[in-house]
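Order of the sequence lines fixes the chain letters, A, B, ..., with proteins taken first and strands second; residue numbering starts at 1 for each chain.
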Amino acid sequence: MNRRVFACHSISEGVAEGDVLISQDQIMFYLIDPDTGVVIEKGHCLEGKSVAGKILVFPGGKGSSVVQADGLYQLAARNNAPLAMIIQNPDTVIVASAIIMEMPMVDGVDDAFYKAIKDGDRVRVDAGKGVIEIISGR
Amino acid sequence: MDLTEQQRKMLEGECGEGAALAMKIQVAIGRSFGAKRMVPITRAHVALSNQEADLWFAEKLLSAGAKCKVQPTVNPGFSLAYFEKAASLPDEARSLMQRTHNAYKELGAVLSYNCTPYLGSNIPRFGEIAAFSESSATPFVNSVWGARSNRESAQSALCAAVTGFVPEYGLLLDENRLGNILVEVKADMKSDFEYQLLGYMGKKIGTGVPVFTGLPENISQEALMNLGAQLNTSGAYGMFHVVGVTPEARTLEQAFGGKKPLRKVVITNDDLRDILNVISEPGMRKIDFAMFGCPHFTLKQVQEIAGMVRGKKLAVEMWILTSSYVREMADRMGLLKIINDAGGHVVEDTCCDQPCWPHLNGKTGVTESPKCAYYTRRRGMSFVVRDLRTCVEAALKGEVE
C-alpha cells in the first residue's frame with residue numbers, strides 16, 4: 001500500500017506512531033481496565049480488546065464528565081493509554097481531558113481516511129502540524 | 001481567539017500562575033471548537049467526584065496559586081464523617097477524600113458535595129452563562145432552566161471557576177441549541193424509572209440534540225434528572241428538548257428552529273425492555289444489598305422509600321445517597337428514623353462510585369439507576385436494575401423478581 005497523507009485539525013498537540021484500532025462505538029475510558037488497557041464495557045464493540053499503545057480511531061467520547069479524565073489518567077500512569085486519538089465528534093469532556101493530560105488528539109479528518117483505514121494499519125499522527133500519514137497497510 | 005486586555009493579562013500570568021494555567025487550557029479548548037472569544041460566567045459546578053485525575057489537576061492548580069473567582073458547587077466524593085466509623089474504610093480511600101476536601105476548600109469552592117445542584121444550591125436563571133460539569137447537571141440547566149453551559153468536564157469547569165470565563169462555542173450560541181434529532185416516544189412512561197431507560201438509549205438516538213415528543217404532561221423533576229443522567233452515561237448530550245418543558249421548545253417548530261430534523265428515532269416498549277436486559281444482571285435471584293441515589297435522591301424519593309419500609313425490617317443493607325439538605329429534611333420529618341428503624345442508611349455527600357464501598361466488591365445489589373450499575377463495574381459491584389418499588393420490595397425480601 002502506498003503512503004498516504006491526510007490533513008487533520010489539531011485538538012491536543014503531540015506526535016505518535018503506532019497501529020490503528022478502530023471503534024464504531026463511542027468510548028468511556030473509565031470502563032477500560034487500567035492494568036491491561038482492555039475494554040471491559042459489556043456490549044461495546046471493543047469489549048475484550050486493548051487500546052494500549054494504539055492509535056485509537058473512534059466516533060467520540062461518552063459518559064461522565066469526571067471519570068472520562070480519570071480513565072485516561074489511570075491508563076497513562078500505567079503506560080496503557082492510546083498513543084494518539086483520532087476522533088469524529090469531539091465533545092468538551094474528552095477534549096479537555098486530552099489537553100490537560102497532554103495526549104495527542106485530532107479531528108476533522110477527510111472521509112477518504114476513514115475509507116482507507118483498517119485495524120492494524122501503521123499510522124503516524126502529528127497533531128501540531130495537522131497531518132496523519134498511513135505508513136503501511138496490513 | 002480574540003482576548004480582552006484583562007483576559008490576555010491573565011493568560012500572561014499577571015493574575016498568578018494558577019489563573020494563567022487555567023486560561024491556557026481554556027484557550028486550547030476554545031481553539032479546538034473554533035471559539036472567537038471568551039465570555040464571563042456567573043456560576044459553575046465541578047464534578048470532582050474524588051477521582052485521582054481530578055485531585056491531581058486540582059492540586060496542580062492549587063500549587064500554582066489558583067483561587068476560584070466564581071465559587072463553584074461540587075460533586076460528592078464520600079462522607080468522611082460517616083465512613084470513618086466503618087471499619088472497612090481503606091487508608092488510601094480516607095487519604096484521597098481528605099486531600100480532595102483540602103484542595104477544594106483551599107481553591108475556594110462551595111463544599112456542597114451534591115450532584116443535583118440544579119435542584120437547590122446552584123440554580124441558574126434563563127439565559128445565564130454557566131460552566132456546569134456532571135452528567136445530569138449540564139442537561140438539566142440547559143434543558144429545564146434554559147441556562148447556557150457546554151458539557152464541561154470537571155477540570156474545564158474548575159478552570160472556568162478560576163478564570164471566571166468560558167470560551168464561547170457550542171451550547172452558548174443560539175444555533176447550536178436547536179434540536180436536530182426527533183425522538184418519538186411510543187413507550188409507556190409509567191414512572192420516573194422509564195426515563196432512566198429512555199436516557200440509556202444514546203446509541204440508538206445518536207449524536208446531536210434530541211427533541212423528545214410523546215411524553216406525558218407534568219413530567220416530574222426526578223424524571224428529567226434521570227433522563228439527563230442516563231443520556232450522559234449512554235452518550236454525550238449537553239442538551240435535550242422536551243416540547244412544553246424546555247423554555248426554548250414551547251412548540252415542536254421552535255425546538256427545531258423551523259428546520260427539519262436530521263434524523264427521526266422511534267422508541268417503543270420493546271426498546272426499553274431490550275436495553276434493560278443489556279444493563280441489568282438477570283433477575284430471579286438473591287441479592288446482597290440495595291443502592292439508591294445516582295443521581296442523589298430527592299426528598300420525594302426518600303419519602304417514597306420511607307412509606308414502603310415503615311414498620312418493616314429490610315433483609316439486606318440499603319443505602320440511600322442524597323444531599324446534606326435532603327438528609328436534614330428527612331431527619332426533621334421523621335423519615336430518617338423510619339428508614340433507620342427498618343435497617344436502612346441515608347448517607348449525605350456520598351457517591352456510589354467511590355472507594356468507601358470495598359465491602360460491596362463481588363456482591364450483587366439492586367438499583368433503579370443504570371448509571372450506578374454501569375460505573376460501579378470498575379469496583380466489582382453487580383446490579384439487577386429495576387424500578388424503585390421493585391427494588392425496595394427486593395430489599396425487604398432479600399431477592400429480586
Side-chain angles (χ1 to χ4, degrees), chain A residues 8-13 24-35 39-45 47 59-77 81 87-103 105-108 127-128 130, chain B residues 21 24-29 31-34 45-57 60 75 131-135 137-138 149-157 159 166-167 169-171 202-203 206-208 229 231-238 278-279 353 371 374-375 377-378:
Chain A
C8 60
H9 170 248
S10 171
I11 290 173
S12 177
E13 290 189 11
Q24 307 302 333
D25 293 342
Q26 292 175 310
I27 292 182
M28 161 42 70
F29 284 95
Y30 194 63
L31 270 287
I32 296 181
D33 179 359
D35 290 323
V39 176
I40 60 168
E41 179 176 338
K42 278 200 290 179
H44 196 279
C45 69
E47 185 179 3
K62 66 169 178 178
S64 154
S65 57
V66 63
V67 301
Q68 184 71 287
D70 200 66
L72 277 170
Y73 177 86
Q74 302 294 354
L75 284 165
I87 187 170
Q88 281 169 294
N89 302 303
D91 77 288
T92 309
V93 171
I94 198 149
V95 164
S97 302
I99 289 172
I100 286 161
M101 267 163 284
E102 299 176 11
M103 294 178 174
M105 178 182 273
V106 299
D107 71 335
Chain B
L21 174 61
K24 191 177 149 219
I25 289 163
Q26 288 189 286
V27 167
I29 294 168
R31 276 200 191 121
S32 17
F33 289 103
H45 177 76
V46 177
L48 59 90
S49 303
N50 189 34
Q51 294 281 347
E52 277 177 47
D54 187 72
L55 178 59
W56 162 76
F57 183 68
K60 185 173 171 174
N75 256 26
F132 268 52
S133 51
E134 172 51 26
S135 305
T138 315
S149 171
N150 278 312
R151 203 177 87 91
E152 301 288 349
S153 80
Q155 296 80 32
S156 63
C159 290
V166 283
Y169 66 92
L171 293 176
K203 204 163 164 176
T207 303
L231 277 170
N232 278 325
T233 304
S234 67
Y237 299 90
V278 172
I279 55 188
D353 182 23
K371 184 183 175 190
Y374 180 77
Y375 291 112
R377 194 173 163 79
R378 270 281 296 269

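- Proximity to chain B is limited to the side chain of D25(A), based on heavy atoms less than 4.5 angstrom apart.
- In this structure, chain A has a heavy atom under 4.5 Å from the backbone of S234(B), while its side chain stays farther away.
- Between the side chains of E41(A) and Y374(B), at least one donor N or O sits under 3.5 Å from an acceptor N or O.
- T233(B) touches chain A through its backbone: at least one of N, CA, C or O sits under 4.5 Å from a heavy atom, while the side chain does not.
- With a 4.5 Å cut-off on non-hydrogen atoms, L72(A) does not touch chain B at all.
- Residue contact with chain A, scored on non-hydrogen atoms closer than 4.5 Å, involves the backbone of L48(B) exclusively.
- Looking at K203(B), the atoms closer than 4.5 Å to chain A (heavy atoms on both sides) all sit in the side chain, from C-beta outward.
- Within the 4.5 angstrom heavy-atom criterion, only side-chain atoms of Y169(B), from C-beta onward, approach chain A.
- No donor-acceptor distance shorter than 3.5 angstrom exists from the side chain of R378(B) to the backbone of L31(A), with no hydrogens or angles considered.
- Counting heavy-atom pairs under 4.5 Å between each of A98(A), P59(A), A77(A), G63(A) and chain B puts G63(A) at the top.
- Under the 3.5 Å distance criterion, with hydrogens and angles disregarded, a donor-acceptor pair is assigned to the side chains of Y30(A) and D353(B).
- Scanning all heavy atoms of the two residues, the minimum distance from D70(A) to A53(B) falls at OD1-N, 2.8 Å.
- Of the atoms belonging to E13(A), not a single heavy atom falls under 4.5 Å from chain B.
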